[in-house]
Asks: 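Mind looking over this structure? Questions follow.
Atoms considered below: every heavy atom in the structure, side chains included; atoms not considered: hydrogens, waters and symmetry mates. Throughout, residue positions are numbered sequentially from 1 according to the sequence presented.
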Amino acid sequence: SQIARLAIQKHLDGHEHLIKPGINGSIEEIFTTLGRQLSKSMDILGNLRLMLFESTIKGGHYLGSYVSDNAIEITGYNKEDLLDSDFFKSRIHPQDRKRFITESKLGIQRGTCEVNFRFKMQNGTHEMTRIYFSLKDGNHIFGTWQIISELISPE
């Protein structure tokens, strides 16, 4: 338990967090506190219909390496499909696909990107979505992807 406590403390020391400095208590108390924080974060992400993702750029292609667990519930697709760039692009509405690709490439050059596009969910509906990402270390992309259909007022 001391090894786990040190690993958790080292992780938390490098990040802003709500846990008091210097974790004390049993390993069960530490994991319970961390579990509550993670649960609250997932509740917020779920209610905002916001997903997190990570990709790497290799040879001009995006290689998805992570998408948050709530992506399965929100989109209906499994993680492996969403991490596949060809699959992902094939679900972007045909009228939005070229703009999405162009904006993404420009975003790589600028270091950040925000683009709205329609995405076909597993149930067949197209939802308006927004992706925001930033480029780190020249080839790592970290970002958010949010379903924004209900945030847009009907015209």
Asks: In residues 132-143, what donor-acceptor pairs under 3.5 Å come from side-chain atoms, sequence neighbours left out?
Replies:
none

Asks: Any link between I101 and L106 through a network of hydrophobic side chains (Ile, Leu, Val, Met, Phe, Trp, Tyr) touching at under 4.5 Å?
Replies: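 Cluster IDs for I101 and L106 differ.
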Asks: Out of I147, T75, I148, which residue meets the side-chain contact (heavy atoms from CB on, under 4.5 Å) rule with E127?
Replies: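 The side-chain contact (heavy atoms from CB on, under 4.5 Å) with E127 is passed solely by I147 among I147, T75, I148.
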Asks: Quick one: list whatever passes side chain to side chain donor-acceptor pair (under 3.5 Å) with K105, sequence neighbours left out.
Replies: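 Residues passing side chain to side chain donor-acceptor pair (under 3.5 Å) with K105: none at all.
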Asks: Shortest non-hydrogen contact from C113 to E103?
Replies: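 In this case the closest contact between C113 and E103 is SG-O, 3.4 Å.
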Asks: Rounded to the nearest 0.5 Å, what's the gap from CE on M128 to OG on S149? Could you check?
Replies: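 Rounded to the nearest 0.5 Å, the CE-OG separation comes out at 7.0 Å.
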Asks: Identify each donor-acceptor pair in which a side-chain atom of residues 90-100 lies under 3.5 Å from a protein atom, sequence neighbours left out, and give them as a table.
Replies:
unit_1 : atom_1 : unit_2 : atom_2 : d
S90    : OG     : F87    : O      : 2.6
R91    : NE     : Y77    : OH     : 3.3
H93    : ND1    : Q95    : N      : 3.1
Q95    : OE1    : R118   : NH2    : 3.2
D96    : OD1    : R118   : NH2    : 3.0
D96    : OD2    : R118   : N      : 2.8
D96    : OD2    : R118   : NE     : 2.9
R97    : NE     : K89    : O      : 2.9
R97    : NE     : I92    : O      : 3.4
R97    : NH2    : S90    : O      : 3.3
R97    : NH2    : I92    : O      : 2.7
R99    : NH1    : N116   : O      : 2.8
R99    : NH2    : N116   : O      : 2.9

Asks: Would you say the side chain of Y62 lies within less than 4.5 Å of the side chain of L83, judging by non-hydrogen atoms?
Replies: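 Result no, sub-4.5 Å side-chain heavy-atom pair not found.
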Asks: Does K120 have more than 12 heavy atoms from other residues, nucleotides or ligands lying within 6.0 Å of its NZ?
Replies: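 Check fails, neighbour count at 12 or below.
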Asks: Please tell me if the side chains of K79 and D69 come closer than 4.5 Å, counting only heavy atoms from C-beta onward.
Replies: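 Touching, per the 4.5 Å side-chain cut-off.
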Asks: Rounded to the nearest 0.5 Å, what separates atom OG in S104 from atom CD in E114?
Replies: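 CD of E114 is found 12.0 Å from OG of S104.
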Asks: Kindly indicate whether the side chain of F53, heavy atoms from C-beta on, has any atom under 4.5 Å from the side chain of F88.
Replies: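 F53 does not reach F88 side chain to side chain.
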Asks: To the nearest 0.5 Å, what is the distance between CG (L50) and CD1 (I74)?
Replies: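 One gets 7.5 Å once the value is rounded to the nearest 0.5 Å.
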Asks: How long is the span from the CG atom in L82 to the CZ atom in F119, to the nearest 0.5 Å?
Replies: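 It is 5.5 Å, given to the nearest 0.5 Å.
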Asks: Please report the closest heavy-atom contact between G64 and S55, naming both atoms and the distance.
Replies: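 Closest approach of G64 to S55, heavy atoms only: CA-OG, 3.7 Å.
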Asks: Hey, does F117 have a side-chain heavy atom less than 4.5 Å from the side chain of I131?
Replies: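 I131 vs F117: side chains touch.
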Asks: Do you reckon I57 sits in the same ILVMFWY cluster as W145, going by side-chain contacts under 4.5 Å, direct or chained?
Replies: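 They do share one cluster, since a chain of ILVMFWY contacts under 4.5 Å joins I57 to W145.
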Asks: Between T125 and M121 (side chain of the first, backbone of the second, donor and acceptor by atom type, cut-off under 3.5 Å), is there such a pair?
Replies: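 No.
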